[in-house]
2 protein chains.
Amino acid sequence: MAQTNGRTNRRDIYLKLRQLVLTLELAPGAALSENELAASLGVSRTPVRESLILLAQEGLVQVFPKIGSFVSRVDPAQVADAQFLREAVELASLDDLPAALDPAVVGELRANLDRQRRSDLGLEEFFDLDEAFHQGLMRLSGHGNVWTTVAAAKGHLDRARRLGLHENESPAVFVAQHREIFDAITGGNVPLARTAMRTHLRAVFDDIERIRAHSPELFATDASSVPVRRNIVVWE
Amino acid sequence: MAQTNGRTNRRDIYLKLRQLVLTLELAPGAALSENELAASLGVSRTPVRESLILLAQEGLVQVFPKIGSFVSRVDPAQVADAQFLREAVELASLDDLPAALDPAVVGELRANLDRQRRSDLGLEEFFDLDEAFHQGLMRLSGHGNVWTTVAAAKGHLDRARRLGLHENESPAVFVAQHREIFDAITGGNVPLARTAMRTHLRAVFDDIERIRAHSPELFATDASSVPVRRNIVVWE
DNA sequence: CGCGGAGTACTTGTATACAAGCATCCGTAT
DNA sequence: ATACGGATGCTTGTATACAAGTACTCCGCG
């Protein structure tokens with residue numbers, strides 16, 4: 001928790017850039033110029049640069065000294081790592097569920113699921129609800145804060161998921177799986193919840209190779225390859 | 001993964017400060033001044049400041065705008081979170097062990113264990129070996145890179161471990177547990193490995209309350225409490 | 001036409017100057 | 001003696017100037 005209490009430009013810019021990267025509005029491989037970003041955002045290089053450093057630590061951007069900064073391409077290895085991490089954590093979390101579930105969180109999850117079933121659900125709305133749903137499950141077992149770490153590590157996975165859903169059918173199948181997991185948990189059937197959770201988490205992951213064949217330019221090939229310096233910074 | 005290829009002052013300073021915090025040479029609660037650190041290290045504020053921002057994101061330091069920066073006190077909640085995370089990941093890793101273990105890694109682990117059994121083992125050496133041992137286990141199942149994420153998240157846990165061992169007996173019991181885990185793995189007995197691993201990981205954790213009673217000033221009480229501004233920056 | 005090299009325009013890394021805010025200490029008034 | 005207030009010295013946040021290095025462009029030469 002990089003808590004800088006008072007509102008600072010850096011925090012705002014960090015969150016904004018992070019959002020742009022995760023939503024693919026800043027495409028993998030795109031060149032980022034500290035100067036241009038600073039000019040676009042109406043601030044100096046300092047907060048922009050510090051934000052990029054944080055994003056680099058998360059693996060969302062790559063900074064090559066004296067060369068340039070780039071939105072990192074989706075790295076299949078990092079996607080697999082994030083998949084393993086979240087699966088391990090979320091499954092272990094199910095084993096720590098208390099006998100009496102917190103009714104407030106349960107109600108919140110139920111409301112979340114209701115919104116997921118709305119027919120006019122947009123993609124970004126679904127991702128927000130999905131994120132909140134999984135974090136809520138972690139809170140049920142008292143490990144809500146661990147989700148922060150998982151969330152920080154799964155940037156590559158999230159981008160791959162977005163790629164999959166952008167060119168895929170509706171997220172209806174995932175919504176149904178969410179329901180299944182939730183019902184198993186509230187029904188006290190932990191083994192069933194584990195099975196449903198594992199199935200759910202792997203559903204997205206198994207799609208990645210297909211996506212990669214479809215849009216190879218968004219994926220990393222060699223980890224140390226330097227992207228071309230082109231300014232594709234077009235947004236808003 | 002924050003790869004800035006060419007050597008930069010920032011990377012060096014970041015690693016140095018991180019080491020000082022994790023080894024408790026910079027005590028929890030100590031005040032850090034960007035200016036003083038810069039002067040001590042012979043550089044300007046910029047690389048120091050950027051390092052502190054990274055450490056803040058890891059939760060190892062806290063930055064209060066216009067007030068000061070402090071080495072974060074050990075937060076029992078974050079220790080518990082890290083414990084849960086590493087246990088989930090390391091146990092799940094055991095389930096992914098291949099039938100044929102990589103002989104190179106196995107040999108490396110064996111050599112590591114031999115060094116752990118040396119009678120003149122220093123504490124810092126033990127911690128280094130311990131870190132390498134657990135990372136090696138993850139590599140056996142092909143999840144070596146995930147250890148990076150776990151390592152980044154377990155800063156508070158590591159500091160608690162050091163506190164425990166500083167005032168505790170020798171790490172001999174942990175070395176024996178390492179051996180037990182290793183033997184179970186090479187013997188192909190995954191269930192036994194899981195049991196041994198869980199026992200091992202919880203051995204340290206269960207000691208924390210005792211340590212806390214002994215040195216309460218190093219632990220956080222209220223998450224939002226601002227430490228006193230005193231310059232105890234004494235090292236080397 | 002092909003190729004090489006100097007110039008140039010960009011990049012990030014670092015240092016420094018200034019801005020804004022908090023805390024403490026000290027002097028003054030009550 | 002005590003309460004209040006302003007000066008002062010610290011802090012981090014931001015902006016900017018400069019340094020070092022890469023890559024591309026373009027012109028001249030073979």
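Only heavy atoms go into these numbers, but all of them, side chains included; no hydrogens, no water, no symmetry mates. None of these values were measured; they are calculated from a predicted model.
Separating the CD1 atom of Ile53(A) from the C1' atom of dT14(C) is a distance of 11 Å, rounded to the nearest angstrom. When rounded to the nearest whole Å, the span between CD of Gln62(B) and P of dT11(D) equals 18 Å. Counting to the nearest Å, the P atom of dA15(C) and the CZ atom of Arg10(B) are 13 Å from each other. For the pair Glu36(B) CD and dG9(D) P, the computed distance is 16 Å after rounding to whole Å. In this structure, the CD atom of Glu34(A) is 12 Å from the P atom of dT14(C), given to the nearest Å. Computed from coordinates, the Arg45(A) CZ to dT12(C) C1' distance equals 6 Å when rounded to whole Å. Here dA15(D) presents its P atom at 11 Å from CG of Leu41(A), a figure rounded to the nearest Å. Between the NZ atom of Lys66(A) and the P atom of dT22(D) there is a distance of 8 Å, rounded to whole Å.
Between dG13(C) and Arg49(A), a contact under 4.0 Å exists linking OP1 or OP2 to a side-chain N or O. Residue Ser69(B) places at least one side-chain N or O under 4.0 Å from the OP1 or OP2 atom of dT12(D). Look at Thr46(A) and you won't find any side-chain N or O under 4.0 angstrom from OP1 or OP2 of dT14(D).
Closest contact between the side chain of Glu50(B) and the listed nucleotides dT14(D), dT14(C), dT22(D) involves dT14(C).
Residue-level contact check: Asn35(B) touches the bases, meaning some heavy atom is under 4.0 Å from a base atom.
In this structure, Arg161(B) forms a cation-pi arrangement with Phe174(B), its terminal cationic atom sitting closer than 6.0 Å to the ring centre and no more than 45° off the ring axis.
Between Arg202(A) and Glu87(A), at least one side-chain N (NZ, or NE/NH1/NH2) sits under 4.0 Å from a carboxylate O, which counts as a salt bridge.
With rounding to the nearest 0.5 Å, the separation of CE in Met138(A) from CG in Asp81(B) is 8.5 Å.
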Exercise. Please lay out, stage by stage, how His156(B) and Ser72(B) fare under the test side-chain contact (heavy atoms from CB on, under 4.5 Å).
Key: CA-CA 9 Å; His156(B) 282 248; Ser72(B) 65; 3.6 Å; yes
